[in-house]
There are 2 protein chains.
Amino acid sequence: MTHKAAFTAVKTVKAYERVVEQIEGAISTRELRPGDRLPSERELMLTFEVSRSTIREALRVLESTGLVRSRPGDPRGPEVLQASPAILTKTVNRLVRLETIALEELVEFRIMLEGAACTLAAQHRTEDQLQTMRAAVDAMRAEVKHGPIAFSRADVAFHVSVWEASHNQLIQICGEAARGALIDMVAEELDRAPNSQAKMELSLAHDREILGAISAGDGPTAGRLARSFVIEYYGDIMSLKNRAALGAADDVALS
Amino acid sequence: MTHKAAFTAVKTVKAYERVVEQIEGAISTRELRPGDRLPSERELMLTFEVSRSTIREALRVLESTGLVRSRPGDPRGPEVLQASPAILTKTVNRLVRLETIALEELVEFRIMLEGAACTLAAQHRTEDQLQTMRAAVDAMRAEVKHGPIAFSRADVAFHVSVWEASHNQLIQICGEAARGALIDMVAEELDRAPNSQAKMELSLAHDREILGAISAGDGPTAGRLARSFVIEYYGDIMSLKNRAALGAADDVALS
DNA sequence: CAGAGTGTACTGGTCTGACCATATATTTCA
DNA sequence: TGAAATATATGGTCAGACCAGTACACTCTG
């Protein structure tokens, strides 16, 4: 070797990727803001000096990441969108469903998220959100007489209001994904042993307890209650071994 | 109106979207598994009866979501990929950068995941995994003298081994995503105040403590230690207000 | 002058067909 | 048997074309 220049690995960068990078960069530096319009595809191919196919492929990946939206016929060009966690939801959902995940892992994940959400909700909830949660619990009580399906819908609404009150979108998104996947996995078990009157009353009482702790601003208690209730709820349909492990974890192990 | 047929909203579905749906569906039903090869673009245009541009646009969005990868010249066709947290990291990253998700949310998320991972690792670790973790800590000690970059690489390796020992893929994936996004966000702050010798020694001591608790099977302690160390680590670069809130949460609130 | 209807120019979606560099598989050769 | 040359199909890119639809300006009408 006659020189010591610091060579670096070379990777072929595809044309459409460089287009994506530039537009994505302009968006992340606020050069392009939500509501702004991109030039039309035919203009873009002139400024980037590539063919329209390349421009289109770039726009497709930008669109799939939720950064822009193209509508046919709109003379104003593709629109720059407001960033939204919706795309994250989709990704997390796919991940949860795609990965081969044991039921117990999913339950652990859910326990952890539910606990954290309740803890944070106790710390961060606003008065308005407290009202919403109270209303959700009242709705649950009203739905007890309308059967398990209506009741569990109201139950979900309560949990969603708690997640919102946690002011943590990541926990909210992952929590919803975990809940959805979990319900899919245990749907048959739930069908076989649907929520009885007694079970509904129990859930209601539990949620009331949680609400009390959140209302009092007692995060640790809210979290502990939430975890133990989730464990109790899914305990029936998990193997005895897992029941034991998670049960022991109830008050301390997952703290 | 002469009939009451239940009409439903009609949306034009673009051709490439239907291609995406079908391939995505095949992947999510395990009909296509990681490592499998898709037919070549020219074959796909025959089976879907669309043009190659349409196929390519579909492949671009599948590629941008991390489901497949196309390599030029490979006669075996596009490869179906294993789901990875990388895409999650990127998405979270962008959302934080665009201020759709607050940095403190990300830190809270990380705290929760790290704590849960350590707690579960203490319960579920095998002897082999314990060995791996011990080796990782030893490697950290050895890397102290090789500077911050080498050290933090070893630090990451230790955390990865803990995540693996938790036997929970969801926590592992989300943990990696959160860590990756967080590091990207605070990279500049870290550059400004790189890990000093003292800081490295401190991290090493912390990880040793955690390893001790995991080794002893003491989940609660492992979790509590992990949470407080993460808080300590990121406390400097967070606002005072958040520091206070999370600091108070240290031993109890996030439990 | 205001509002309803009409045109029209340009947009995005799709298609066809072509060229290139490259990764793999096959064949050839030593 | 092993290495080198070749063949082949692949993905990346390009050019040019057509169509259905939207937004906007322009009518025409009252």
Side-chain angles (χ1 to χ4, degrees), chain A residues 8-24 26-27 32 34-82, chain B residues 7-24 26-27 32 34-82 87:
Chain A
T8 135
V10 178
K11 61 169 193 287
T12 22
V13 178
K14 292 154 215 159
Y16 73 87
E17 286 181 341
R18 269 174 296 164
V19 174
V20 168
E21 280 170 22
Q22 290 197 42
I23 297 182
E24 195 172 323
I27 293 178
L32 286 171
D36 286 356
R37 299 306 184 120
L38 257 46
S40 75
E41 297 179 357
R42 288 167 176 86
E43 289 180 55
L44 286 171
M45 61 185 271
L46 296 180
T47 69
F48 285 104
E49 292 179 325
V50 293
S51 77
R52 197 169 152 223
S53 344
T54 300
I55 293 292
R56 296 202 96 246
E57 293 183 21
L59 287 177
R60 290 293 79 76
V61 0
L62 289 170
E63 197 163 11
S64 81
T65 43
L67 287 176
V68 308
R69 176 182 51 187
S70 290
R71 280 187 321 151
D74 191 336
R76 293 171 299 183
E79 182 184 2
V80 177
L81 296 179
Q82 177 92 36
Chain B
F7 292 129
T8 134
V10 177
K11 62 170 193 285
T12 17
V13 179
K14 291 154 218 161
Y16 72 87
E17 285 180 343
R18 270 175 296 164
V19 174
V20 168
E21 280 170 20
Q22 290 198 43
I23 297 181
E24 197 173 321
I27 293 178
L32 286 171
D36 285 356
R37 298 307 183 121
L38 257 47
S40 74
E41 297 180 357
R42 287 167 177 86
E43 289 180 53
L44 286 171
M45 60 186 273
L46 296 180
T47 70
F48 285 105
E49 292 179 327
V50 293
S51 75
R52 196 166 153 226
S53 348
T54 300
I55 293 292
R56 296 203 96 244
E57 292 184 22
L59 287 177
R60 289 293 81 76
V61 1
L62 289 170
E63 198 163 9
S64 81
T65 37
L67 287 176
V68 307
R69 176 183 51 187
S70 290
R71 280 188 323 151
D74 191 337
R76 294 170 299 182
E79 182 183 3
V80 177
L81 295 179
Q82 175 100 31
I87 174 72

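By convention in this document, chain letters (A, B, ...) are assigned in the order of the sequence lines, proteins followed by strands, and residues within each chain are numbered from 1. When reading the values below, keep in mind they use all heavy atoms of this one structure, side chains included, and skip hydrogens, waters and symmetry mates.
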Rounded to whole Å, please give me the gap between [atom1] in [X] and [atom2] in [N].
{"X": "Arg42(A)", "N": "dT14(C)", "atom1": "CZ", "atom2": "P", "answer": "14 Å"}
{"X": "Glu43(A)", "N": "dT11(C)", "atom1": "CD", "atom2": "P", "answer": "6 Å"}
{"X": "Phe48(A)", "N": "dG12(D)", "atom1": "CZ", "atom2": "P", "answer": "19 Å"}
{"X": "Ile55(B)", "N": "dG13(C)", "atom1": "CD1", "atom2": "C1'", "answer": "14 Å"}
{"X": "Leu46(A)", "N": "dA15(D)", "atom1": "CG", "atom2": "C1'", "answer": "13 Å"}

For the pair Ile87(B) and Thr65(B), evaluate side-chain contact (heavy atoms from CB on, under 4.5 Å) and give the outcome as yes or no after the intermediate values. CA-CA 7 Å; Ile87(B) 174 72; Thr65(B) 37; 5.5 Å; no

Can you say whether a donor on the side chain of Arg52(B) sits under 3.5 Å from an acceptor on the base of dG11(D), or the other way round?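 Such a pair is found, so the answer is yes.
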
What closest approach, in Å, do [X] and [Y] show between heavy atoms, and which atom pair accounts for it?
{"X": "Glu63(A)", "Y": "Arg69(A)", "answer": "OE2-CA, 3.9 Å"}
{"X": "Met45(B)", "Y": "Val50(B)", "answer": "CB-O, 3.0 Å"}
{"X": "Leu62(B)", "Y": "Val20(B)", "answer": "CD2-CG1, 3.9 Å"}
{"X": "Ser40(A)", "Y": "Pro78(A)", "answer": "CA-CD, 4.5 Å"}

Comparing nearest nucleotides in DNA chain C, the 5'-proximal residue of the pair Met45(B), Gly73(A) is Gly73(A)

Hey, is the side chain of [X] poking within less than 4.0 Å of OP1 or OP2 on [N], counting only N and O atoms?
{"X": "Thr54(B)", "N": "dG13(C)", "answer": "no"}
{"X": "Arg56(B)", "N": "dG12(D)", "answer": "yes"}
{"X": "Ser40(A)", "N": "dT11(C)", "answer": "yes"}
{"X": "Arg76(B)", "N": "dT24(C)", "answer": "yes"}
{"X": "Ser70(B)", "N": "dT10(D)", "answer": "no"}

Counting the atoms with a prime plus P, OP1 and OP2 as sugar-phosphate, which does [X] contact under 4.0 Å by heavy atoms, base, sugar-phosphate, or nothing?
{"X": "Glu63(A)", "answer": "nothing"}
{"X": "Ser53(A)", "answer": "base"}
{"X": "Arg60(A)", "answer": "sugar-phosphate"}
{"X": "Arg71(A)", "answer": "sugar-phosphate"}

Relative to the 5' end of DNA chain D, which residue comes earlier, Pro72(A) or Tyr16(A), by the nucleotide with the nearest heavy atom? Tyr16(A)

